[in-house]
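This report concerns only the one structure given below.
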There are 2 protein chains.
Amino acid sequence: MAKTKKNHDTEGQILAAAENVFQKKGMDGARMQEIADAAGINKAMLHYYYRSKQLLFEAVFTNAFSLLAPQLNKILNDDSAIEDKVKNFTNNYISFIIKHPYLPNFIIQELNRNPKFFEKIQQNAAFPTLEKFKNQVAEEVEKEILKPINGEQLFINIISLNIFPFVATPLIKGFLKIDDKGFKQMMEQRKTAVSEFIINSIKK
Amino acid sequence: MAKTKKNHDTEGQILAAAENVFQKKGMDGARMQEIADAAGINKAMLHYYYRSKQLLFEAVFTNAFSLLAPQLNKILNDDSAIEDKVKNFTNNYISFIIKHPYLPNFIIQELNRNPKFFEKIQQNAAFPTLEKFKNQVAEEVEKEILKPINGEQLFINIISLNIFPFVATPLIKGFLKIDDKGFKQMMEQRKTAVSEFIINSIKK
DNA sequence: TTATGGTTTAACCATTTGGTTAACAAAGAT
DNA sequence: ATCTTTGTTAACCAAATGGTTAAACCATAA
């Protein structure tokens, strides 16, 4: 807040509006005019503050990923046992995504459109790595806490189970013949159902 | 083949080119000119055969879904036991998607863009329903073949584990630091790893 | 008060894009 | 052979879109 002169945090308003529009419509579907309208300002301001659609988009994209990264670190770089991490992560992540429903699909979609964006998010300070998690799985398998399983496959399984329903929401709603309310209930159930499902499978 | 007059299956060439472009770039990112170029014909032909971008897109979309639907029916409407179906489906589905890598993301993305498209695919003759699967799960739980689990949640889990990696390929490649070849290997592993993971979790 | 410099706007511009048209080509039908 | 229908093309068009500009605005320092 409290920028110089008469600037009523226009830059922030633009970013907020751009987040909304880009996350719902993607880079290709978004229109600069629509973002300006959503922010309640003149279209020229978008260029004044962010130069181009591309740069505005990148601001939104890196911002979005920096919200997601700490969530992933909860499963990858926390010190507790795998079982506890799975329980915590699943519960937390689903709560988190219910508040930011467009986030995962946005990131995945734009990464598909331009895989080079991955480099951009890798520069993020909190960028998560798999090393620790892989070692920990191997260790707990060794100690016979877990059944034999490949750490990478387990990681894929965990994020698949947690993220996919939020990426494929319309598909799930369609097959299950449920509305928004039913979907939310189903996702609430998953906060425990998913971790149970995983633990059941891997715990010795 | 063998259409009337000098038509060298132009309509088919257009559809094939449109599939390529739409599936990679989506409705918003695709350009009619690019489709025409990919088909090696004049842009006006696209309109001659399909009237508009929207209609061409819908032809591609329903076509894509009609490829996917039979796959889903293997898990939903086959007569074998859940365990066998999970094994079969996982193996088959992953093989299938390796051949059509853009398919799941395309369908999910466009369904997110316009959830009303779900109605379009519901008209498909082979449109899969959950009823049988749900009953079967309840039955096998009753008979104590399976641990207690909600059929809908199990369905979500199965498709999440199978589909997600192909939707989030760049993300997976990035985190696991693998290239195309490594990714394919990982997916080959999953043909058995995923079904084992599921069976481990649900079998009593 | 006035000069200064960041902020904001309406109007404008060049390009892209989906779509149309009119002329032409090729193959039956007569 | 010529007429008619279908297929194909180059040129064109209007609307949309990202981006620019020149002028106006306005808070503040001198």
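Any value given below was found using the heavy atoms of this structure, including those in side chains, with hydrogens, waters and symmetry copies removed.
Here B/R31 does not pair with A/D28 in a salt bridge; the nearest charged N to carboxylate O distance is not below 4.0 Å. Between A/E188 and A/K184 there is no salt bridge, since none of the side-chain N atoms of the basic residue sits less than 4.0 Å from a carboxylate O of the acidic one.
Atoms CE (A/M32) and C1' (C/dT9) sit 16 Å apart, rounded to a whole Å. Remark: C1' of D/dA16 and CG of B/D28 are 14 Å apart, rounded to the nearest angstrom. If you take OH of B/Y48 and P of D/dG7, they are 4 Å apart, rounded to a whole angstrom. Spacing between atom CG of B/L46 and atom C1' of D/dG7 amounts to 14 Å, rounded to whole angstrom units. Between the P atom of C/dT7 and the CG atom of A/N42 lies a distance of 15 Å, rounded to the nearest Å. Rounded to whole Å, the distance from NE2 on A/H47 to P on C/dT7 is 17 Å. Atom pair A/E11:CD and C/dG6:P shows a separation of 15 Å (rounding to whole Å applied). What separates NZ of B/K53 from P of C/dG18 is a distance of 5 Å, to the nearest Å.
Backbone-only engagement by A/A30 is indicated by non-hydrogen atom pairs under 4.0 Å involving sugar-phosphate atoms exclusively. A/M45 comes within 4.0 angstrom of a nucleotide base, judged by non-hydrogen atoms across all strands.
Checking the phosphate oxygens (OP1, OP2) of C/dG18, a side-chain nitrogen or oxygen of B/R31 falls inside 4.0 Å. In this model, the phosphate group of D/dT8 is approached by a side-chain N or O of B/T10 to a distance below 4.0 Å at OP1 or OP2.
In this structure, B/F118 has its ring center under 6.0 Å from that of B/F127. A/F89 has its ring centre less than 6.0 Å from the ring centre of A/Y93.
When distances run from any side-chain atom of B/Y49 to the nucleotides C/dT9, D/dG7, C/dT7, the shortest one goes to D/dG7.
By the neighbour-count criterion of 12 heavy atoms within 6.0 Å, atom NZ of B/K25 is sparsely surrounded, having that number or fewer from other residues, nucleotides or ligands.
Nearest-nucleotide mapping onto DNA chain D: of A/A44 and A/M27, the residue sitting toward the 5' end is A/M27. Along DNA chain D, the nucleotide nearest B/G40 and the nucleotide nearest A/Q54 are compared for position; the residue whose nucleotide lies closer to the 5' end is B/G40.
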